[in-house]
Amino acid sequence: MSKELTPLSDPGLSEHVHRKADVDPQAAKKAERQVGILFLLSVFGTLLFVYAYVGIDEDSFIFLPVLGSTNAHQLFLGLGLAIALFFIGMAAVHWAKVLMPDHEVIDHRKEQRSKDEERDDFVATVKERSAEAGLGRRPFIKRTMLLSLGLVGISPILLLGDLGPLPGDDQKKTNWKSGTRLLTDPGDRPIRPSDLEVGGVAQVQPELAAGKVRHLDDIAKDSVLLIRIRPEEFNLDAKRLSWTYEGIIAFSKICSHMGCAVALYEQTTKHLLCPCHQSTFDVTRAAKVIFGPSARALPQLPITVDSQGYLVAKEPFSEPVGPSFWRRNK
Amino acid sequence: MRFISKYRRHRFAAPLLLLGALFLAGLTYSAAQAVTRQATLSQSDKATLIAEGKEIFARGCSSCHGINAEGAGIGPSLVGVGAASVDFQVATGRMPVADMSQQIARKTPVYDDQEVAALAAYVASLAPGPAAVTNEELAWERDGNTAEGGELFRNNCSMCHNLAGQGGALTQGKYAPTVMGVEPRHIYEAMLTGPQAMPVFSETILTPQEKLSVIKWIKHAENEPALGGAALGRVGPVTEGLLAWVLGLGLLIGVAVWLTSKAR
Amino acid sequence: MSARERVVGQVANYVDERTGAAKWLKKTLTKVFPDHWSFMLGEIVLYSFVILLLSGTFLTFWYDPSMKEVEYEGSYQPLSGLKMSAAYASTLHISFDVRGGLLMRQIHHWSALIFMAAMVAHLMRIFFTGAFRKPREFNWIIGVGLLTLGILEGFLGYSLPDDLLSGTGIRIAEAIVQAVPVVGSYLSFLIFGGAFPGEMFIQRIYVVHILLLPGIFLALITVHLMLVWYQKHTQYPGPGRTEKNVVGYPLMPVYMAKAGGFFFIVFGVTAFLGAVASINPIWIYGPYNPGQIGAGSQPDWYMGWLDGLVRMAPPIEAYIFGYTLSLNIMIPGLIIPGIIFTGMALYPFIESWITGDKREHHLLDRPRNAPNRTALGAMSLTFMLVTLINGGNDLLATHFDLSINQIMWFSRIGIIVLPPLAFVITKRICLSLQRADRELVLHGKETGRLVMLPHGEFIEVHEQLSPERAYLLTQHEQLPALQANLTDESGVRNPKSLRAKVRARLSRSHAEQIAKPAASDLKELESGQH
């Protein structure tokens, strides 16, 4: 590599080989016919499309291998369109390939860079013109201009301020209060401890004040999963144990990682799995993370029963539910 | 019922009943249809069935579950699991287990419906538990509501079994199987008993009517024809992306190669 | 003069008198384009964009970008009576109550997937052949911008139907926004108009999806194509092809017919997919509800790598003065993608800094002749492949009897081990291919014919390569490595010596080559043999 060796010489473009259609009029005629047939196939496609649109009922089905029973209206509309478009393309390309000139053409390229004198000329012009504007000589104008241009951008950004309210402590509040009943979701039925067998689960939502309608915003924070195991299987400290009721334990269903609904409960291992990113939580140890990307346990909802024997929240969540955010622990 | 208790001590009762039972058994065999409903059987039939079940159990199940179904090293105790659990596990072929891997999979059943009924009766006789159901009892087509079932399915089932019921992965190699092609009675019994990793959905948390709706939605999803073409396994964007690369871009690159090749 | 020729003449006159464009148009119509299948990848992207505009416009006629709650009363029975957003209901309406609506939805979605796939394939072609080198760095950067925007545009489109799958995607995107230090919560509340999911999101991303981003796309694509036009297309090396020319076919009529025809072919193939393969069957997924989820919830493929990265992230969060820093989201969701895209945009400058090569290049590299670059590309692809595998780990687990935990650990280790391994292996392969090329040129092709020499020795006859083939295998230049200037002329230690050392080291690695045969080698060989 050190010494420059003479490279092999360029033999130049290889000789042009004529196509059959260039020399044989019969072959050319045949090629012309082929192109025509391809165009006709496209016409057939359009006809199929029109027929499917007006002639095939939207509720008619046809049985096809691989696809099974398929909606014929949608299928033939699509096939018609596909055939109509595809064969126009095939015809045009075939035409270009076999009948249009196929001599390779050489185009010359010049360097992108302008000639030196042109560039010098350009630079000189820019210098001259900017001198005419006098920015360099009038620093006050220059500075105030930069200041005003810098500041003017604030207005449109500020205008975006009303896109949404400030978070406040909205992220930390849910509809769970002391004494809020746990209702089945869907169904909105209150739950007694006896409704849940060992190994059983229930998806629950809080009972809302009369007249309040449950919105998706509420569900996004309130969703709770109720699980019953044998009380002796718990491995909790006294406080967390007091948050359970006869082996029934409640966790926020909103993943502490990215907010998906964590509800894959394996009753054999007592593990909860999030289907989005596979964080795995151990129910017996207060939903401690045992696998996956989540850094925090699922918030536990303290529960007890009310005077009528229905399950209620003992206290609100002691920490914000859902994904982490900057001021979460503030 | 009163009819039965009134005449059960009649001198023709025993032979007639025996005849009837034989006839019934023959009918079940010939039609290969399960008649597992214990309530319709008389006491002595039940006793025969239980005895038959105990015998099958001793031959086929006791090595794992213990001679009296009290549980042994490998298999859990079956006292109190009820007929529903037995019907689900045995009639879907999961029991007896063929290989002891992470998960016990559905396969061709080893026992026929009569034998399953006998086993179920035996296990149910040990301690009360959820009763088995028959497909005929479940009026899901009449009492279920597809839309409500879909809502229930998405709240309670889809997190494991996938939005289209195709099944999904659990931890450590376990999986939630597909719910397509499962008999209604087994779907019902699974919700009721929580087999393997699946949790229990008791009759108050998911009412019988709600369970029928879930079945109706599953049956709808199973039988829905292709509305937009091949379903691609109904597992979402992964197969779609694969097809876009392989068939979509693949076909186009194929055409591009033809397009830029020299004609002869 | 025929009637047609007269008409053509008149039209040309009319236009030219008003625009003076005759000269420019003539030049344009005779412009030469080189032919190669890999040059069509960019065209697939362009045509897919046009298909997206057409089918997307059709969809806007019925789509209702509103999160207002409605009760579904359309013709799809299994959902009737359910509460859902107007956006979801109108998407169902398009699918089941507009003739051809489902077809157009499917064409739109397939086209989006092909758009992104072809864009990535195009990028690979540009990268592996070195087409990004001077003077095309600007176009490379525009391309990286288009790729980024394409991912965003695709994600927004995936979100618009407001079904359970797409809502889950937005939920995750919202968590990434919240993870931004200091301002995350504020950003999220501004974007969603309050707490997630709020009632504003769909209408906002709708405008971004159908107006803002397509507008930026149009502008960038125009500049992208104008630059291609102005700088003329690159070409593969070969006999007669030099840095100073372009060999190919003229725009009119050959290229026009081929490119125009190819548009119809791309549209046809997309329509075929739309006809026979179901995509995003939202009616099965149901309306979005933050309390519900499906196993195997995945994003579209071009977001799969991001999802895979997020899945394999270590479970760490930092607390600084009581403030929460979600490293488990920031690292895979913001920092690594930032590094990937910035690094990609800067690559042309990095490479030219390493090689010291500031010349224009119009002849493409054969990937084997740039072993370092090819290896780097293979390394990046391996990285992406591992993330993609992990993004689909739940499906791989169920379909191949694996466990998600195993796949996760494979990915966590693989993401660190496999890319460097791919680098080393690819580089070795490239050098071996160079060696094989050298052997071919020097000793010719093995013919398989055995000949017995008079003294009884057997030899296999080797056939000399044609001059064209020999030229192709040897036309590339082999730049020497840069020497580090650790001291300046007067012997004083260079203050930038560390940088220079790094540069020299990289340059040495980059310049690793198998010496190509020169004309003199061949001559020696001939004289030696005969």
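Quantities reported herein were computed from a predicted structural model and do not represent experimental measurements.
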Of the listed C:V310, C:I176, C:D394, C:T168, the one with the largest count of heavy-atom pairs under 4.5 Å with chain A is C:V310

May I ask you to name which of C:G261, C:G268, C:P315, C:A275 has the most heavy-atom pairs under 4.5 Å with chain A?
C:P315

Residue selection (most heavy-atom pairs with chain C, distance under 4.5 Å) from A:R113, A:M90, A:Q171
A:Q171

Under a 4.5 Å heavy-atom cut-off, does chain A meet the side chain of C:Q231, its backbone, both or neither?
both

Determine whether C:L190 and A:L160 make a side-chain contact, defined as any pair of heavy atoms from C-beta on separated by less than 4.5 Å.
no

Less than 4.5 Å to any heavy atom of chain C: does that hold for the side chain of A:L75, its backbone, both, or neither?
both

Please classify the contact between A:E111 and chain C as side chain, backbone, both or neither, with a heavy-atom cut-off of under 4.5 Å.
both

Is it the backbone or the side chain of C:L327 that comes under 4.5 Å from a heavy atom of chain A, or both, or neither?
neither

With only heavy atoms counted, which part of C:R359 is less than 4.5 Å from chain A, the side chain, the backbone, both or neither?
neither

Below 4.5 Å from any heavy atom of chain C, which atoms of A:S9 appear? Answer side chain, backbone, both or neither.
backbone

Taking A:I106's backbone N and O only, do any of them form a donor-acceptor pair with C:N245's side chain (distance below 3.5 Å, no angle check)?
no

Are side-chain heavy atoms of A:W326 and C:L325 found at a separation under 4.5 Å?
yes

Under the side-chain contact (heavy atoms from CB on, under 4.5 Å) rule, what do C:F96 and A:E58 come out as? Steps first, then yes or no, please.
CA-CA 9 Å; C:F96 297 118; A:E58 279 163 83; over 6 Å; no

Please classify the contact between A:D102 and chain C as side chain, backbone, both or neither, with a heavy-atom cut-off of under 4.5 Å.
both

Validation row: C:Y323, A:N329 side chains within 4.5 angstrom (heavy atoms):
no

The interface call for C:Q475 against chain A, heavy-atom contacts under 4.5 Å, is neither

So, for C:P290 and A:I254, which heavy atoms are closest and what is the spacing to 0.1 Å?
O-CD1, 4.0 Å

Okay, A:L273 and chain C: the region with an atom under 4.5 Å from a heavy atom over there is side chain

For C:H476, which atoms come within 4.5 Å of any heavy atom of chain A: side chain, backbone, both, or neither?
neither

With chain A, which of C:Y255, C:W409, C:F262 has the greatest number of heavy-atom pairs at distances under 4.5 Å?
C:W409

If you draw the axis of the six-membered ring of A:F291, does the NZ or CZ of C:R412 fall within 45° of it and under 6.0 Å from the ring centre?
yes

Please determine, among C:N393, C:D35, C:T30, C:V269, the option with the most heavy-atom pairs under 4.5 Å with chain A.
C:N393

Proximity breakdown for C:L102 and chain A, heavy-atom pairs closer than 4.5 Å
both

